Amino acid sequence: MRNKKIMEYNFSEIEKKWQAYWKKNKTFKTFNPNEAGFQSSPSYKNGGKPFYVLDMFPYPSGAGLHVGHPLGYIASDIFSRYKRLKGFNVLHPMGYDSFGLPAEQYAIQTGQHPRITTETNIARYREQLDKLGFSFDWDREVRTSDPSYYKWTQWIFIQLFNSWYNPITDKAEPIDTLIDKFQNSTIGFQSEGSEKTFDQLTENEKSDILLNYRLAYLSDTMVNWCPQLGTVLANEEVKEGLSERGGYPVERKLMKQWSLRITAYANRLLNDLEGIDWTESIKEAQRNWIGKSEGTSLRFLINSSNPTNGKNESEDSEKMFVEVFTTRPDTIFGVSFITLAPEHELVGALTSIAQKDAVEEYVAFAKNRSERERMADVKNISGVFTGSFAIHPFTKNKVPVWIGDYVLAGYGTGVVMAVPAHDSRDFAFANYFGIEKKIIIQPPAQKNELLDLGKSSEWNFEEKSFDDKEGLLINSDFLDGLQVKAAIKKIISIIEERGLGKRRTNFRLRDAVFGRQRYWGEPIPVYYENGIPKVLPESELPLLLPEVDKYLPTETGEPPLARAKDWKKIISGQTPPLPYEHSTMPGWAGSSWYFLRYMDANNNSEFISKEAANYWQNIDLYIGGAEHATGHLLYLRFWTKFLNDLGLIPVTEPAKKLINQGMIQGVSAFVYRVEKNIFISKNRIDSNLSEEEKILTGLKSDVANCTPVHVDVNIVKNNVLDIEAFKNWREEYKDAVFITEENGSYICGAEVEKMSKSKWNVVSPDLMVENYGADCLRLYEMFLGPLEQSKPWNTSGISGVSNFMRKLWRLYKPFVEINNGAIDIGKSIVAEQTEATKAELKTLHKTIKKIAQDIENFSFNTSVSSFMICVNELTELKCNKRDILEPLAILVSPYAPHIAEELWSILGHTESISYAAFPICDESFLIESSFNYPISFNGKTRFFHEYDRALSVNDVEKQVLSLDQTHKYLEGKAPKKIIVVQNKIVNIVI
RNA sequence: GCGGAUGUGGCGUAAUGGCAGCCGCGCCAGACUUAGGAUCUGGUGCCGAGAGGCGUGGGGGUUCGAGUCCCUUCAUCCGCACCA
């Protein structure tokens, strides 16, 4: 008894089956060349050149993944699977950025160890990731919080500490080479008026001097201090004066802190952007952040007859000077005052007795203003006169010295030469305090007209400064008559000649503060001996994160690590034990080099072997969010360059190509609360209530105002609220009353917002996988639109893709044979011998071409629609040929791997489809013998006519002109011109 | 203020300078149904009964021909922002 039974597309069974298969067979295990198994791996057999596809690894938060997270992972997975089919040895790993603030904040609240919550969250992430069918090699997983990983993060820190940046060779070198130079006096070192040689210095003095050069160093710096988080923050962790995490106020504070000398790399970080294929917006953001500007320093002597406050009376005040930095030295003759930042060290010395009180009051005021206040208050001008005068280096005139908080202490020299006529900030300041403006540039005529249309052709310097870098110099002595650019050139050489200053390049980029006064991070591998910071020997790594009783600062304000008992460095034969550094590393430490660790994830003796580094080089394709533009991506490049300088890795950039996937936003739903438990439907808000409704709700009058309240999007479908589900949603809504539309439904409001738990608009991938399958979700996420674009999630569109999945499945006509009650494995009714028709081959090869192109261009959305077209056409053609369906399964497999594996096996294959060969497009199937020309008149298409593709331009023209329809549209007129583009279009101009 | 991105049907979107709206969602009609938030078939940019006209944020330009190239302007989103 034999029986054929058609199989339905049971995605959940299929997906489970193949996920288990991949896991059991380690289908996606990637081998390094020196590893056993490399030569028998399918990649190697396929000719395997290395290719590295990386996702920015996630921070495992307690909320789990929402549908937005996998977007980039799906894209990278498609690309990885495609590259495997193309015969590459693909490295496609995943891991967790598992140190960080949220776990610690949670620990503070609950007392639970962050390690525990982190592990729980990772398990949940893993489960969610596994359900989506990604082809990660999990044997290479990294976790930044794992001691076997952070051992090497600490090791790299030690290398940074033991290195300095040699400006001559323009790279990092071991600190010993610097000590050598000091000892041989090849170069001098910064020291305060001491005449000692380097070897004559005390150990303390040596340490202090070397800290000025080490790439990881301890120093007193102005830091962003966040009292609520109890830690310092790096610049990019502060947004508009508030902490990025949590949104707490941030203050400026002088603290002894660990920093990394990223500024040494500013130029290279800037220049090397040219060579990498990253989006222009990210490169631009980095250029901005680095903020290179070229100009000159210039000294202004202080007038020696200044009445000073007495403090510095005894010192040689004749030698006192302030140094400014300017990018516009050409405006030197327009200087009418000098402004110091309130924090400038010479403020005290420059203040006259008469101005002492006013200055002190102002400095105190400026100091107490938070960063946020200062930023919010940009429009308000404040400042104070010091009572001192500087001497103009060329005119020898007296120039008043002011203090103003529009000058930033941290940029340039903290002093500006103010040219109010040609700088809008100086202009505002001068206007406010009534300081004179000296006009020294004649704006070009056309600019004059722009400002004062109709009034006069002169620039109105009463209203606005002229800031542009163009125009003619006037009232400027030897610069008169020069154009701005020529003037800059000339004045710089004069300044340098006379020793008044030097050509100088300034960067906005600041050194990165590297210590955090928090628990859940890598301990900095440093101990203190007589107050001198020393790094641990490599043999003592990892320096394990100790246990503490609470994750809070100590009573004395020490970081949590100070609570650890007996956590001290013991040196044999020496007592007492020495204290360790109590700060930990910032969140970005582990992520600054993780891409390297994946290459050799289980190496216990090195952070990465030379062979692995040389084989994999750097990331070929890196996918992640654009929010890391100036943080992670800059540090990643910095560490890569540093490790390259030390000769540890062969590359100077971490990623050849970077793609930023767009954010998937949530569509929040709102109900409108009238009173406590009465809700009005959206379209009824401005309408009148019926008598019935008034009685029902107990409202006396019509609704005047109502409050929108977020409602869980999972109980809203097409803006219609599931009223019963709403009542059950929360206890408080049990007795809710609704003013509905006429048809009795309740319509919710909708708004696109960030997907977040608090807005109740989170759509979980788990639910989508359950209802539609992972393949369907993968395809749908790609179908939404271009990868890089942000877009709101809309679940209702998924049905189209779901229909497609079933249509694809049916094309293969899978069935099972029931043989005397025993069920065989699935088979397909395919025509083995019959040759495919021309039409079928055309459809297939057109799709092959399109899919390959799309993947290479990261245009995954258009691929999905090509698949739909292909399946629609093949269904129409009733195609059941193996020659067509087999390549189609391979084409689909990067996008929808589970169904592809199943169909592949139904077609009789016993090996995974993952290492099949990507089909090759045969162009000959695409070429038609004729072309249907659109015939247009004055650019408007009127009709079509088919001609042989080989027909010459002249013949097409002749034949078109003889057509009846042509005469109809010519209306008896003679055509002025006829354009024929072969196999494209005919355009007749009348 | 500076920089980046984006503007196309009711919605998501597609179009090497050559037929605008492919593929979907939604909607409309029909078929099968006791029923449909199932399935299948057809239709669907706008105006117009129709012929036809108008249409890619607005204005201008280059071109035989512009969603696409150039100039200008507006709107939205994102990043940076007193950086001398």
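What you are looking at is a predicted structure, and each value in this text was computed from that prediction instead of being measured. Throughout, a chain's letter reflects where its sequence line sits, starting with A, and its residues are numbered from 1.
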Any base atoms under 4.0 Å from [X], or only sugar-phosphate, or nothing? Heavy atoms, all strands.
X: A:P786; result: sugar-phosphate
X: A:V989; result: sugar-phosphate
X: A:R510; result: nothing
X: A:N506; result: nothing
X: A:F783; result: base
X: A:F804; result: nothing

Looking at [X] versus [Y], is the centre-to-centre ring distance below 6.0 Å?
X: A:Y933; Y: A:F944; answer: no
X: A:Y746; Y: A:F726; answer: no
X: A:F943; Y: A:H945; answer: no
X: A:W809; Y: A:F11; answer: no

Is the phosphate of [N], meaning OP1 or OP2, less than 4.0 Å from a side-chain N or O of [X]?
X: A:N861; N: B:A14; value: yes
X: A:K977; N: B:C64; value: yes
X: A:S424; N: B:G1; value: no
X: A:N803; N: B:C40; value: no
X: A:N987; N: B:U63; value: no
X: A:R287; N: B:G79; value: no

Return the nucleotide paired to [N]: Watson-Crick means purine N1 to pyrimidine N3 with N6-O4 or O6-N4, wobble means G-U with N1-O2 and O6-N3, both under 3.5 Å.
N: B:U33; result: none
N: B:C19; result: none
N: B:G79; result: B:C2

Same-atom distance ([atom1]) from [N] to [M], integer angstrom:
N: B:A14; M: B:G21; atom1: P; answer: 15 Å
N: B:G57; M: B:A20; atom1: P; answer: 16 Å
N: B:G52; M: B:C2; atom1: C1'; answer: 50 Å

Protein-nucleotide distance ([X], atom [atom1]; [N], atom [atom2]), rounded to Å:
X: A:Q789; N: B:A5; atom1: CD; atom2: P; answer: 13 Å
X: A:L270; N: B:G3; atom1: CG; atom2: P; answer: 17 Å
X: A:E8; N: B:U39; atom1: CD; atom2: C1'; answer: 12 Å
X: A:D405; N: B:A84; atom1: CG; atom2: C1'; answer: 15 Å
X: A:F337; N: B:A84; atom1: CZ; atom2: C1'; answer: 11 Å

Could you tell me if the side chain of A:P420 sits less than 4.5 Å from the side chain of A:N431, heavy atoms only?
no
A:E284, nearest nucleotide to its side chain (from B:G4, B:G79, B:A81):
B:G4
Residues A:N872, A:K807; criterion side chain to side chain donor-acceptor pair (under 3.5 Å); working and verdict:
CA-CA 8 Å; A:N872 286 346; A:K807 244 173 153 172; 2.8 Å; yes
Between A:G410 and A:S799, whichever has its closest RNA chain B nucleotide further toward 5' is A:S799
How would you label the glycosidic angle of B:G30: syn (within 90° of 0) or anti?
anti
